[in-house]
Enquirer: 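Dropping a structure here in structure tokens format, bear with me for questions.
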Number of protein chains: 4
Amino acid sequence: MTEDVPIAETRRGRPRSAAAHQAVLAATARLLTCGDLEYDDLTVEGIAAEAGVGKQTIYRWWPQKAAVVLEALLTGHLQLDFAQVPDTGDLRADLHTWVDQTLDEAFTEGYRSMARSLISALLAGAAHNEGFQAVTRIWEDSPVADRLRQEREAGHLRADLDASSAAAAIASPLVLRLLTSGRPEAAWAHALVDTALDGARTR
Amino acid sequence: MTEDVPIAETRRGRPRSAAAHQAVLAATARLLTCGDLEYDDLTVEGIAAEAGVGKQTIYRWWPQKAAVVLEALLTGHLQLDFAQVPDTGDLRADLHTWVDQTLDEAFTEGYRSMARSLISALLAGAAHNEGFQAVTRIWEDSPVADRLRQEREAGHLRADLDASSAAAAIASPLVLRLLTSGRPEAAWAHALVDTALDGARTR
Amino acid sequence: MTEDVPIAETRRGRPRSAAAHQAVLAATARLLTCGDLEYDDLTVEGIAAEAGVGKQTIYRWWPQKAAVVLEALLTGHLQLDFAQVPDTGDLRADLHTWVDQTLDEAFTEGYRSMARSLISALLAGAAHNEGFQAVTRIWEDSPVADRLRQEREAGHLRADLDASSAAAAIASPLVLRLLTSGRPEAAWAHALVDTALDGARTR
Amino acid sequence: MTEDVPIAETRRGRPRSAAAHQAVLAATARLLTCGDLEYDDLTVEGIAAEAGVGKQTIYRWWPQKAAVVLEALLTGHLQLDFAQVPDTGDLRADLHTWVDQTLDEAFTEGYRSMARSLISALLAGAAHNEGFQAVTRIWEDSPVADRLRQEREAGHLRADLDASSAAAAIASPLVLRLLTSGRPEAAWAHALVDTALDGARTR
DNA sequence: AGGTAAGCGAGACGGTACGTCGTGTCTTTTG
DNA sequence: CAAAAGACACGACGTACCGTCTCGCTTACCT
């Protein structure tokens with residue numbers, strides 16, 4: 001996030017306080033996680049206060065609020081991972097289970113506000129900042145993609161399968177539904193898995 | 001958006017001005033479309049000024065900025081539709097074409113800021129407002145869903161296919177990519193179509 | 001205030017409501033008296049609501065808020081009289097008593113807010129409206145003036161005494177002190193009476 | 001106005017900008033004096049704009065509009081002093097002259113709107129704010145009081161005369177008249193002086 | 001060892017927009 | 001046809017944050 005290319009160029013003056021840096025990221029994560037704070041309600045002043053840090057210290061190191069959130073995300077202060085895909089040997093059943101689990105978790109109250117925080121951050125930041133593209137990895141490089149790759153190697157799936165794309169076909173619709181507050185029916189979600197596995201065409 | 005339950009309950013006092021109502025929606029669309037205005041830069045005061053309307057009139061009828069934008073969207077003042085799916089008889093080729101077209105359009109500058117406007121509005125609003133679920137229709141009831149239904153009726157697709165779900169498997173990943181500013185590679189997008197049609201499994 | 005000369009001229013349509021007129025004045029007095037409402041906090045909307053009357057009905061008959069208050073004052077809906085001057089035969093003692101009483105009353109909480117309401121109204125109105133000069137009568141034609149006139153007729157005071165002016169010399173300083181929230185010392189107030197009776201010059 | 005208790009308590013953070021402080025007072029005086037602005041028409045937003053200052057800066061230091069005006073008054077940014085009392089040796093003639101001058105000045109248009117500004121400020125503020133009692137000094141510590149004190153020391157007036165009280169007996173009625181827009185007759189005003197000097201009683 | 005160049009918490013600064021409130025006008029239905 | 005109800009355009013209110021700017025420190029390198 002912050003350009004840290006100290007090419008032997010020893011900086012003069014007081015060095016950056018690592019403590020302040022961490023405090024900011026931790027405060028950000030704390031506010032988004034525990035509080036009932038949406039991303040939009042998150043303020044730089046609020047972060048500074050929570051972190052016990054001067055506002056200027058934040059502006060010195062991050063160009064905008066979204067950058068703070070993104071760094072909190074990428075450094076793991078803010079966790080937003082999907083559940084693991086179980087492995088019973090039956091891919092279809094495993095993915096159905098994963099989809100159900102994911103929806104269960106997603107529509108748990110605490111999680112949802114955090115998830116929306118993430119996506120709001122993503123959007124607000126991504127609109128103007130190239131670095132934010134990384135966020136798509138969250139669903140495109142999800143455990144689902146790993147499993148699909150693994151099954152492909154085992155020869156159970158098409159050899160030319162684009163695992164990332166196929167994972168996105170399952171996870172992206174779920175993410176968008178998660179954001180719009182309407183929990184989809186299980187059948188709809190299972191159909192996503194079935195379509196991705198079997199295709200729409202008659203076999 | 002506005003409760004229109006005309007239970008013969010004749011309202012007293014001056015009736016709501018349809019002109020003001022329309023002026024607000026039109027002004028909103030005008031600002032987002034023609035101007036170089038992002039959703040975040042759109043202000044209630046700005047809408048009121050552009051519409052020649054009192055600020056209070058907006059707050060009287062819409063709880064938040066996002067609701068105004070949503071209504072502008074749903075009433076067609078703000079157009080954000082997907083392209084039509086061409087019909088050459090070859091479903092796969094048609095969908096590939098549609099995907100390419102959609103990405104071309106989406107990564108046109110003017111369109112993108114408007115599209116992000118939509119989704120930001122959606123998110124800010126959807127988090128707390130049940131009415132906003134309607135926004136999912138934009139991609140789940142897209143022309144792709146219609147085409148899939150039509151092909152299913154013609155017997156070219158599985159009879160038990162959930163067309164909405166399958167359309168989402170194609171459109172949702174595109175929407176999310178659109179929001180995160182990184183244009184996906186054509187191969188990735190085509191793979192979405194192929195997975196949806198043929199499935200991941202070996203046939 | 002309002003021309004109410006319905007000279008047998010049978011008007012068509014719904015007759016003007018005397019009840020509404022009275023209700024407005026009564027509501028005004030009620031709000032200023034009982035409530036903890038200052039004049040500035042008094043609103044036309046508030047009066048209309050309290051009176052169960054349309055806002056327009058008020059604007060139809062009075063040009064401004066101050067005019068309503070003034071009429072309430074002049075018609076006695078709003079009482080703001082000074083205490084009577086006792087008559088023990090000793091003018092000086094009587095005026096000292098009156099001054100003490102007036103201050104006691106004035107610095108009673110309920111009274112003060114009403115009195116300030118009056119004066120605020122007076123000022124707001126008087127600045128732009130000739131009719132408001134009448135308000136000066138409250139202190140210049142106070143019971144003190146009457147008593148001075150009476151004593152002058154009895155030959156106890158100078159025959160050429162301007163009773164109104166002399167009464168003002170006593171009452172006006174009290175009124176201004178009342179408005180500025182600092183209760184004057186009794187000695188200062190008694191000195192007002194003594195100066196007015198004996199003059200500043202050595203005798 | 002602002003608590004200036006410099007208890008060696010070194011304040012942290014950026015110190016208050018004296019420039020902004022002065023700019024606000026100057027702008028207030030400028031608007032009330034030069035403009036055709038009544039006190040009621042004076043807005044905090046207007047002051048901020050005229051002063052080139054953020055609105056919050058005003059609210060940070062003054063609780064209400066009236067307090068700004070009062071401070072402008074007390075610091076001399078806004079001049080509202082009475083004329084000097086001439087000194088020809090003849091006290092009565094001098095006071096008559098002063099009264100006439102004061103009324104002439106008071107009923108000059110420019111002055112009056114400013115004067116009402118003062119009193120409106122006074123009232124709105126004084127009702128709830130102890131600090132506003134200072135305003136009474138404007139008429140009770142007027143040049144008249146000084147002159148009376150001086151004459152008392154010279155033995156021309158009663159040794160026990162309360163000069164402040166006697167000055168109030170002359171000035172307060174004038175102030176109230178000034179506020180209620182009716183210019184009193186000269187005779188009435190002269191009678192005030194005569195009563196204050198000679199008393200009402202027959203000598 | 002002292003000088004000096006940052007960084008630090010704090011918080012005031014000029015701004016912009018917020019969402020609310022009150023004004024005085026207007027347009028309905030009701031009596 | 002006036003009165004009630006209440007929506008309307010307008011504009012000020014007081015608040016919340018923005019991103020910038022002093023302050024008086026503290027820290028750690030560099031003479």
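Lettering of chains follows the sequences in order, A, B, ..., and the numbering in each one begins at 1.
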Enquirer: Just how far, in rounded Å, is P of F/dG24 from CZ of D/R16?
Expert: 17 Å

Enquirer: Can you name the closest pair of heavy atoms from A/E71 and A/W62 and give their distance?
Expert: OE1-NE1, 2.8 Å

Enquirer: Can you confirm whether D/Y39 sits close enough to D/K65 that some side-chain heavy atom of one is under 4.5 Å from a side-chain heavy atom of the other?
Expert: yes

Enquirer: When you compare the side chain of D/E38 with that of D/D41, does any pair of heavy atoms fall below 4.5 Å?
Expert: yes

Enquirer: Would you kindly give the CG-to-P distance between D/D41 and F/dC10, to the nearest whole Å?
Expert: 19 Å

Enquirer: Between atom CD in D/E45 and atom P in E/dG15, what is the gap in whole Å?
Expert: 13 Å

Enquirer: Report yes if at least one side-chain N or O of B/W61 is closer than 4.0 Å to OP1 or OP2 of F/dC8; otherwise report no.
Expert: yes

Enquirer: If you define the side chain from C-beta out and look only at heavy atoms, does anything of D/R60 sit under 4.5 Å from D/T57?
Expert: yes

Enquirer: By nearest atom, which of the nucleotides E/dG11, F/dC8, F/dG14 is closest to the D/R14 side chain?
Expert: E/dG11

Enquirer: Testing B/L31, B/V24, B/T28 one by one against B/E50 for a side chain to side chain contact (heavy atoms under 4.5 Å, CB included), which residue passes?
Expert: B/L31

Enquirer: If each of D/G46 and B/S17 is mapped to the nucleotide of DNA chain F with the nearest heavy atom, which maps nearer the 5' terminus, i.e. the 5' end?
Expert: B/S17

Enquirer: To the nearest Å, how far apart are D/R12 CZ and F/dC21 P?
Expert: 22 Å

Enquirer: Kindly indicate whether the side chain of D/H77, heavy atoms from C-beta on, has any atom under 4.5 Å from the side chain of D/R30.
Expert: no

Enquirer: Tell me: NZ of D/K65 to C1' of F/dA12, nearest whole Å?
Expert: 10 Å

Enquirer: Can you check the D/D40 CG to E/dT23 C1' distance for me, whole Å?
Expert: 13 Å

Enquirer: Check B/I58, B/V69, B/L32 against B/I47 for a side chain to side chain contact (heavy atoms under 4.5 Å, CB included) and give me the one that passes.
Expert: B/I58

Enquirer: Both D/A48 and B/V44 contact DNA chain E. Taking the nearest nucleotide for each, which residue is further toward the 5' end?
Expert: D/A48

Enquirer: With the threshold set at under 4.0 Å for non-hydrogen atoms, list the residues of residues 50-60 of chain C touching DNA chain F in residue-number order.
Expert: C/G52, C/V53, C/G54, C/T57, C/R60

Enquirer: Between P on E/dC8 and CD on A/Q22, what's the gap in Å once rounded to a whole number?
Expert: 13 Å

Enquirer: Figure out the NE2/C1' separation between B/H21 and F/dA9, and round it to whole Å.
Expert: 18 Å

